[in-house]
**Student:** 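Right, I'll just put the structure down here and ask away after.
The shown structure was predicted, so the numbers you read here are calculated from the model rather than taken from an experiment.
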Amino acid sequence: MKRWLLLVLLFTGVAKAQVAVGRLAPEISLPNTKDSILHLSSLRGKVVLIDFWASWCGPCRQANPKVVALYKKYKAQGFEIFGVSLDYKKQAWIKAIKKDRITYTQVMDKDAWRSAVAETYGVNGIPASFLLDKNGVIAGIDLEGRELKYKIEELLQR
């Protein structure tokens with residue numbers, strides 16, 4: 001019994017340790033608005049912000065204009081955003097994308113809070129974000145404001 005508990009604790013710790021600054025971001029493969037599967041790894045070579053959000057999340061929707069502005073400011077320099085929606089309803093998600101004028105990559109995990117991707121990334125609340133360098137390595141978690149802008153600029157210059 002003790003061995004089994006130790007193994008559970010060990011594997012739980014390993015899963016959480018995978019998502020940390022300095023580690024390669026785990027792959028995300030989810031459908032976009034047209035049900036095509038998109039892969040996070042397809043953005044290698046660019047600085048990427050993974051943005052976990054949902055149409056029903058007030059703080060997420062309030063943050064979206066800032067995220068859209070970041071994308072507009074840095075996209076020509078090699079910056080991308082990989083939005084991961086934890087919505088239950090596809091139509092609500094699509095409506096929010098249009099209303100918030102989101103033009104960057106969007107995928108949805110219809111499992112919402114039961115999302116294996118959110119669990120892998122240790123997302124317990126949204127909005128949540130992970131900034132990746134050009135090699136897909138996590139360079140920052142939940143950065144905001146000036147700190148986020150500074151880190152994006154730093155990573156773009158590398």
Side-chain angles (χ1 to χ4, degrees), residues 11-57 59-75 77-98 100-144 147-149 151-152 154-156 158:
F11 284 115
T12 302
V14 169
K16 288 183 180 179
Q18 289 178 349
V19 179
V21 171
R23 295 199 173 252
L24 188 65
E27 179 67 279
I28 299 173
S29 299
L30 290 169
N32 66 7
T33 58
K34 296 180 181 178
D35 296 322
S36 295
I37 301 297
L38 299 182
H39 306 279
L40 174 63
S41 60
S42 71
L43 298 175
R44 287 273 164 75
K46 297 182 181 237
V47 173
V48 178
L49 181 70
I50 303 171
D51 179 37
F52 285 88
W53 73 292
S55 66
W56 47 262
C57 169
C60 301
R61 299 296 296 279
Q62 289 175 349
N64 277 348
K66 293 175 187 170
V67 178
V68 168
L70 275 176
Y71 182 64
K72 286 180 181 177
K73 182 173 182 175
Y74 296 110
K75 72 177 179 177
Q77 298 171 49
F79 176 65
E80 286 292 334
I81 299 174
F82 194 84
V84 179
S85 171
L86 300 181
D87 270 285
Y88 294 100
K89 298 178 183 177
K90 184 177 177 181
Q91 289 309 315
W93 169 54
I94 291 171
K95 184 177 177 182
I97 290 170
K98 289 178 183 173
D100 294 357
R101 298 182 179 156
I102 295 172
T103 58
Y104 47 83
T105 302
Q106 286 289 314
V107 296
M108 180 181 148
D109 192 331
K110 63 180 174 45
D111 290 334
W113 282 113
R114 291 183 303 260
S115 165
V117 171
E119 185 177 332
T120 297
Y121 275 81
V123 173
N124 296 316
I126 52 176
S129 65
F130 300 82
L131 185 62
L132 313 182
D133 70 11
K134 294 175 184 178
N135 297 312
V137 174
I138 299 170
I141 299 173
D142 290 332
L143 301 176
E144 295 180 12
E147 187 179 17
L148 177 57
K149 287 180 186 179
K151 195 66 174 176
I152 290 169
E154 175 190 321
L155 294 172
L156 288 170
R158 288 188 191 167

**Student:** Which residue pairs pass the side-chain hydrogen bond (donor to acceptor under 3.5 Å, both in side chains) test when at least one of the two sits in residues 130-139, sequence neighbours left out?
**Tutor:** none
**Student:** Would you tabulate the side-chain donor-acceptor contacts of residues 81-88 under 3.5 Å, counting partners in other chains and residues two or more places apart, or write 'none'?
**Tutor:**
residue : atom : partner : partner atom : Å
S85     : OG   : D87     : N            : 3.2
S85     : OG   : D87     : OD2          : 2.5
D87     : OD1  : S55     : N            : 3.3
D87     : OD1  : S55     : OG           : 2.4
D87     : OD2  : S55     : N            : 2.9

**Student:** Could you tell me how the ring of F79 sits relative to the ring of Y74: parallel (under 30°), tilted (30 to 60°) or perpendicular (over 60°)?
**Tutor:**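 If you compare the ring of F79 with that of Y74, the planes turn out perpendicular.
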**Student:** Apply ring pair (Phe, Tyr, Trp, His ring centres under 6.0 Å) to Y71 and list each qualifying residue two or more places apart in sequence or on a separate chain.
**Tutor:** Y104
**Student:** Is any side-chain heavy atom of T33 closer than 4.5 Å to a side-chain heavy atom of W93?
**Tutor:**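 They are in side-chain contact.
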**Student:** Taking all non-hydrogen atoms of both residues into account, name the closest pair between S129 and L49 and its distance.
**Tutor:** CB-CD1, 3.8 Å
**Student:** When you measure from the side chain of T120 to the backbone N and O of A116, does any donor-acceptor pair fall under 3.5 Å?
**Tutor:**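 Present.
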**Student:** Which one of V117, L38, L40 satisfies the side chain to side chain contact (heavy atoms under 4.5 Å, CB included) criterion with V107?
**Tutor:** L38
**Student:** Would you name the heavy atoms of G125 and A128 that are closest together and state the gap between them?
**Tutor:**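 So the two residues come closest at O-CB, 3.5 Å.
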**Student:** What are the two closest heavy atoms between A139 and L155, and how far apart are they?
**Tutor:** CB-CD1, 3.7 Å
**Student:** By salt bridge (Lys or Arg N to Asp or Glu O under 4.0 Å), which residues pair with R44, not counting sequence neighbours?
**Tutor:** none
**Student:** Rounded to the nearest 0.5 Å, what separation is found between the OG1 atom of T103 and the NZ atom of K75?
**Tutor:**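 One finds 5.0 Å between OG1 of T103 and NZ of K75.
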**Student:** Quick one: salt bridge (Lys or Arg N to Asp or Glu O under 4.0 Å) partners of D109, sequence neighbours excluded?
**Tutor:** none
**Student:** I'd like to check the side-chain contact (heavy atoms from CB on, under 4.5 Å) partners of E144; sequence neighbours left out, ordered by chain and number.
**Tutor:** none
**Student:** Take T105 and N32 through the side-chain contact (heavy atoms from CB on, under 4.5 Å) test and state the conclusion after the steps.
**Tutor:** CA-CA 8 Å; T105 302; N32 66 7; over 6 Å; no
**Student:** Is the count of non-hydrogen atoms from other residues, nucleotides or ligands lying under 6.0 Å from E119 atom CD greater than 12?
**Tutor:**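 12 or below, so no.
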**Student:** With side-chain contact (heavy atoms from CB on, under 4.5 Å) as the test, would you mind laying out the steps for K66 and L70 before giving the verdict?
**Tutor:** CA-CA 6 Å; K66 293 175 187 170; L70 275 176; 6.0 Å; no
**Student:** Can you measure from CG (L148) to CG (D142) and round to the nearest 0.5 angstrom?
**Tutor:** 10.0 Å
**Student:** For K90, give me all partners under salt bridge (Lys or Arg N to Asp or Glu O under 4.0 Å), at least two apart in sequence or on another chain.
**Tutor:**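 Per chain and number, K90 pairs via salt bridge (Lys or Arg N to Asp or Glu O under 4.0 Å) with D35.
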**Student:** Do the side chains of R158 and E154 get close enough for a salt bridge, i.e. N-O under 4.0 angstrom?
**Tutor:**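 Looking at R158 and E154, the cut-off is met.
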**Student:** Could I get the full list of side-chain hydrogen bond (donor to acceptor under 3.5 Å, both in side chains) partners for D100, not counting sequence neighbours?
**Tutor:** R61, N64
**Student:** Can you name the nearest heavy-atom pair linking A20 to I138, along with the distance?
**Tutor:**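 Here A20 and I138 meet closest at O-CB, 3.5 Å.
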**Student:** My understanding is that only residues two or more places apart in sequence, or in another chain, count here; which of them pass side-chain contact (heavy atoms from CB on, under 4.5 Å) with A63?
**Tutor:** none
**Student:** Rounded to the nearest 0.5 Å, what separates atom NZ in K151 from atom CG in L156?
**Tutor:** 12.0 Å
**Student:** Roughly how far, to the nearest 0.5 Å, is CG of L43 from CD of E80?
**Tutor:**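 Atom-to-atom, E80:CD and L43:CG are 5.5 Å apart.
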**Student:** Just jot down the side-chain contact (heavy atoms from CB on, under 4.5 Å) partners of S29, sequence neighbours excluded, or say none.
**Tutor:** E27, I37, H39
**Student:** Once rounded to the nearest 0.5 Å, what's the spacing between atom CG of D51 and atom CD1 of I126?
**Tutor:**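 Going from the CG atom of D51 to the CD1 atom of I126 covers 9.0 Å.
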**Student:** Mind listing the closest non-hydrogen atom pair of L132 and A25 along with its distance?
**Tutor:** CD2-CB, 3.6 Å
**Student:** Test of understanding: with salt bridge (Lys or Arg N to Asp or Glu O under 4.0 Å), list the residues that count as partners of R114, not counting sequence neighbours.
**Tutor:**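 With sequence neighbours excluded, R114 shows a salt bridge (Lys or Arg N to Asp or Glu O under 4.0 Å) to no residue whatsoever.
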**Student:** Could you label the plane-to-plane angle of the Y121 and F52 rings as parallel, tilted or perpendicular, counting under 30° as parallel and over 60° as perpendicular?
**Tutor:**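 Answer is tilted, since the angle falls between 30° and 60°.
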**Student:** Quick one: side-chain contact (heavy atoms from CB on, under 4.5 Å) partners of P59, sequence neighbours excluded?
**Tutor:** C57, P127
